[in-house]
2 protein chains.
Amino acid sequence: MRIGEIAALAGVTSRAVRHYHQLGLLPEPERRPNGYRAYGLRHAVELARIRRLTELGLGLAEVKDVLADDAGRELVEVLEELDGDLARQEAAVRERRARLAELLDRARAGELPPEGPVSPELGRIFAAFGPSDSPMAAKDRQHLALFDSMIGNGDGDGGTDGRRGELLAALRPLADDPEFVRRVEGMYRRLDELADAPADDPRIAPLGAELAAAMPAELLRLMSEGDAEQAVRGDFGEAFLGDFAPAQAEVVRRMIAALTERARRADGG
Amino acid sequence: MRIGEIAALAGVTSRAVRHYHQLGLLPEPERRPNGYRAYGLRHAVELARIRRLTELGLGLAEVKDVLADDAGRELVEVLEELDGDLARQEAAVRERRARLAELLDRARAGELPPEGPVSPELGRIFAAFGPSDSPMAAKDRQHLALFDSMIGNGDGDGGTDGRRGELLAALRPLADDPEFVRRVEGMYRRLDELADAPADDPRIAPLGAELAAAMPAELLRLMSEGDAEQAVRGDFGEAFLGDFAPAQAEVVRRMIAALTERARRADGG
DNA sequence: CTTGACCTTGCCGCAGCGTCAAGGTTTCTA
DNA sequence: TAGAAACCTTGACGCTGCGGCAAGGTCAAG
């Protein structure tokens with residue numbers, strides 16, 4: 001048999017067969033006078049065996065090991081390890097599909113926020129909050145999405161939902177309160193109006209105070225806790241303020257100052 | 001922020017971030033005077049978004065496409081295609097795990113044939129047949145395993161078990177018949193004895209006749225039908241006979257001749 | 001001043017082949 | 001009997017998503 005024939009027999013390509021030769025999985029057969037490889041039944045048997053193993057999901061190196069030592073010992077070990085791998089893979093794929101399904105649901109309903117796929121709960125909160133034609137609201141959503149990703153990284157794998165859960169618990173009641181939502185929308189609009197204002201605009205002070213009043217203490221606590229603390233307090237904080245126009249940044253600075261002050265007083269007295 | 005900081009924030013490595021830059025997924029930020037990349041919040045937001053997408057299983061090229069066109073149109077398409085992919089993957093992994101589990105069961109029971117993992121049913125037939133200390137029986141098992149693989153390749157994906165089913169249906173009753181199994185074992189031994197005999201050994205003719213008598217017509221029919229036909233009739237046939245010692249090959253040749261004759265007679269009358 | 005932890009660019013490596021390239025052989029067909 | 005089609009040969013690059021190393025430069029702390 002020539003290489004194409006044995007390959008077709010085993011259901012692989014000629015290239016794959018040559019690859020197995022290169023890796024030493026399959027011995028090189030004799031050559032015909034013209035240089036063609038001349039395969040016999042033995043090779044077909046071996047090739048079929050290789051293919052059965054690879055179809056199970058073994059890597060070629062593992063196949064080689066298994067073929068190498070005649071005892072079935074090694075095979076069992078390899079198979080057990082492989083099963084563990086596959087179990088993990090299956091779980092991962094299933095989780096991805098679950099998230100995908102949820103995303104697709106929302107996407108088809110036209111509810112996809114331009115921030116891309118965030119966690120479902122956050123998505124609902126996004127939907128409730130802010131008119132999408134406010135640049136400030138859009139930016140805020142981006143920041144929230146980022147923060148959501150960050151705390152998603154922080155915790156381990158299992159456990160309950162931890163810090164992300166707290167975040168959502170803090171946000172959800174606000175999103176469900178129409179009165180609060182209206183207030184926030186008004187503030188977004190007023191922040192938008194400060195986009196081109198100088199840093200000493202008179203509208204800054206009252207807006208900062210109002211923001212501080214509206215902002216739940218829980219949020220600030222979450223942002224200055226845990227793994228993200230150093231990030232938020234360090235260069236990240238600067239980056240955060242740098243993302244706003246001067247007047248807007250000033251508002252945020254005042255809000256933070258007011259909140260910090262409030263927390264200090266609550267702590268001290 | 002420097003690259004390590006933003007990377008830690010998003011839960012990726014610096015290397016990955018640079019990779020995203022190279023691929024154009026993430027815009028290169030300004031540089032500090034010392035050449036370090038200086039990231040701002042915008043980059044963190046984008047990076048987090050990239051990571052959310054890759055975590056879903058999108059390839060970097062697809063992520064780029066999704067980020068490119070602002071409309072959510074493309075995203076939906078990509079996600080749908082991805083879901084299809086994942087569904088296929090999941091099914092494939094599940095099937096592999098099922099076969100693995102079956103294999104591991106048999107392996108732990110010490111019933112693994114040295115031919116490697118064959119289809120479960122064939123494995124049971126192997127277990128029933130032939131003492132493993134007979135070289136000829138071993139070779140025969142190899143051939144059967146090869147044939148099993150071949151017909152496994154031939155048919156499509158779905159459907160009923162097709163030709164493999166027929167093969168097993170033909171073999172199973174034989175394996176379940178202790179009388180038949182005893183006969184086959186005797187023949188294996190006699191074939192073994194011919195390993196070093198010349199091609200005109202007097203034991204050849206009777207053994208060939210007996211093999212032909214024992215061989216079910218169904219098997220021959222299966223081997224000369226369907227996709228494998230050309231292979232079996234062509235070079236594969238030579239390879240098959242070439243795998244035996246001369247006297248043994250002679251026995252097989254006679255058996256085939258007798259079976260062909262029998263089939264011709266049954267067909268004609 | 002040294003040490004250690006960062007950063008820079010650039011390049012090789014991984015799995016399992018697919019896919020040219022640039023030839024040579026055999027076989028079918030006109 | 002020529003030419004095309006369909007095989008074969010070796011060699012080499014390409015793909016994915018980075019990891020890891022080399023050979024430096026930079027910066028803050030002890």
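In what follows, every chain begins at residue 1, and chains take the letters A, B, ... in the order their sequences are listed.
Under the 4.0 Å criterion applied to side-chain N and carboxylate O atoms, B:R97 and A:D83 are assigned as salt-bridge partners. The pair B:R49-B:E46 does not count as a salt bridge, with every side-chain nitrogen at least 4.0 angstrom from each carboxylate oxygen. A salt bridge is absent between A:E102 and A:R99: the closest approach of a Lys/Arg side-chain nitrogen to an acidic carboxylate oxygen does not fall below 4.0 angstrom.
A straight line from CG of A:L82 to C1' of C:dA15 spans 15 Å, rounded to a whole angstrom. The distance from atom CG of A:D65 to atom C1' of C:dA15 is 15 Å, rounded to the nearest whole Å. Distance CZ (B:R31) to C1' (D:dT26): 14 Å, rounded to an integer number of Å. In this structure, CD1 of A:I50 is placed 16 Å from P of C:dA15, rounded to the nearest angstrom. Atom-to-atom, NE2 of A:H21 to P of D:dG11 comes out at 15 Å; the value is rounded to the nearest Å. Put simply, OH on A:Y39 is 11 Å from C1' on D:dT9, counting in whole angstrom units. The separation between A:K64 atom NZ and C:dA15 atom C1' is 15 Å, rounded to whole Å.
If you check every strand for non-hydrogen atoms under 4.0 Å, B:R32 touches nothing.
Considering only side-chain N and O atoms, B:N34 lies under 4.0 angstrom from the phosphate OP1 or OP2 of D:dC27.
In terms of heavy atoms, A:I6 sits closest to A:A44 at CD1-N, 3.6 Å.
With values rounded to the nearest 0.5 angstrom, B:Q142 atom CD is found 9.0 Å from B:F126 atom CZ.
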Can you check each nucleotide of nucleotides 12-23 of chain D against protein heavy atoms at under 4.0 Å and return B for base, S for sugar-phosphate only, - for none, in 5' to 3' order?
B----BBBB---
Under a 4.0 Å heavy-atom criterion, the protein footprint on nucleotides 1-7 of chain C, written with B, S and -, is -----BS
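Judged by distance alone, the side chains of A:R52 and B:S149 do bring a donor and an acceptor atom under 3.5 Å apart.
Remark: A:E80 CD is packed, more than 12 non-hydrogen atoms of other residues, nucleotides or ligands lying under 6.0 Å away.
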Run B:H21 and B:Y39 through ring pair (Phe, Tyr, Trp, His ring centres under 6.0 Å) and show every step you take.
CA-CA 12 Å; B:H21 286 323; B:Y39 295 91; 5.7 Å; yes
Report the C-alpha separation of B:H43 and B:Y20 in whole Å, then their side-chain angles, then the decisive distance to 0.1 Å, and conclude whether the ring pair (Phe, Tyr, Trp, His ring centres under 6.0 Å) test is met.
CA-CA 12 Å; B:H43 303 101; B:Y20 298 155; over 10 Å; no
